[in-house]
Amino acid sequence: LLQREVSVINNLLSTLTKLDKDTSIDDDIESIKYTVAQLEDLFLLVVVGEWNSGKSTFLNALLGHKYLLDGVTPTTCKIDTLRYGQTFKIEESSVNDEVRIIRLPVEWLRDISLVDTPGTNAVFKLH
């Protein structure tokens, strides 16, 4: 059912892109792209907290391997969505430049996505 819905939305997106002769529907096209991206993440576990509280360390423990950087200074500068992938791969989001998708060879990430966030109260501008 989900794949069918994504296919219908992608067809709509393709049609709108072909019809777009001006920029009046650019925001609508971006909204549709965002919607499709969100459908991939029906189940999310989002980890939020102050900087240096162990968010990335916690996620590494859940994953069973140190995939994410951690340290005594802020290390997560973007919102990282962790999804299943056959190999480790970092992708910049096509929808939002403050989000990255990190593909990991962790089987149970096929069913749920994890989100690592920059810490609140970080002293650096990009956090």
Side-chain angles (χ1 to χ4, degrees):
L1 178 63
L2 178 61
Q3 294 297 358
R4 189 176 72 214
E5 296 299 321
V6 170
S7 177
V8 169
I9 293 171
N10 281 330
N11 287 338
L12 172 64
L13 183 61
S14 176
T15 302
L16 285 175
T17 303
K18 290 175 187 175
L19 292 175
D20 186 22
K21 301 297 182 200
D22 58 47
T23 59
S24 63
I25 63 171
D26 283 351
D27 288 341
D28 296 326
I29 290 172
E30 288 305 311
S31 293
I32 293 170
K33 287 179 182 178
Y34 182 75
T35 300
V36 171
Q38 291 300 306
L39 286 173
E40 291 182 24
D41 294 320
L42 289 178
F43 298 103
L44 290 173
L45 172 63
V46 181
V47 179
V48 180
E50 292 190 12
W51 69 275
N52 201 29
S53 62
K55 297 177 300 299
S56 298
T57 302
F58 171 73
L59 288 171
N60 281 332
L62 278 178
L63 296 165
H65 189 275
K66 187 175 178 176
Y67 292 108
L68 306 171
L69 294 176
D70 56 13
V72 295
T73 59
T75 55
T76 306
C77 62
K78 293 189 176 192
I79 298 170
D80 292 333
T81 303
L82 313 177
R83 295 183 182 154
Y84 174 78
Q86 291 183 345
T87 60
F88 177 86
K89 181 179 179 184
I90 297 176
E91 305 167 356
E92 296 298 323
S93 171
S94 61
V95 178
N96 184 336
D97 63 352
E98 295 179 10
V99 176
R100 293 187 306 186
I101 289 104
I102 301 177
R103 304 276 180 187
L104 301 171
V106 176
E107 193 64 32
W108 55 266
L109 286 177
R110 290 179 187 266
D111 301 317
I112 187 170
S113 294
L114 305 176
V115 180
D116 191 15
T117 60
T120 60
N121 297 337
V123 294
F124 300 110
K125 184 178 181 177
L126 293 176
H127 290 267

Verdict with reasoning, L109 to R83, per side-chain contact (heavy atoms from CB on, under 4.5 Å): CA-CA 6 Å; L109 286 177; R83 295 183 182 154; 5.8 Å; no
Intermediate values then yes/no, side-chain contact (heavy atoms from CB on, under 4.5 Å), L63 and L114: CA-CA 10 Å; L63 296 165; L114 305 176; 3.8 Å; yes
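No donor-acceptor pair under 3.5 Å is formed between the side chain of T81 and the backbone N or O of I101. Checked by atom type and distance alone, the side chain of S14 never pairs as donor or acceptor with a backbone atom of N10 at under 3.5 Å.
Under the 4.5 Å side-chain heavy-atom criterion for grouping Ile, Leu, Val, Met, Phe, Trp and Tyr, L45 is connected to F43 within one hydrophobic cluster.
Looking at S113 and L82, their side chains never come closer than 4.5 Å, going by heavy atoms from C-beta outward. The shortest distance between side-chain heavy atoms of Y67 and V106 falls below 4.5 Å. Taking the side chain as every heavy atom from C-beta outward, I102 and D116 never approach each other to under 4.5 Å.
Across all their heavy atoms, K78 and R100 have their closest contact at CD-CG, 3.5 Å. Nearest heavy-atom pair, T87 versus P105, reported as atom, atom and distance to 0.1 Å: C-CD, 4.1 Å.
For the atom pair CZ of R103 and OH of Y84, the computed distance is 10.5 Å after rounding to the nearest 0.5 Å. Summarising the geometry, atom NE2 belonging to H65 is positioned 14.5 Å from atom CG belonging to L59; distances are rounded to the nearest 0.5 Å.
Counting only residues at least two apart or in different chains, salt bridge (charged side-chain N to carboxylate O under 4.0 Å, His left out) contacts with residues 52-69 comprise K66-D70.
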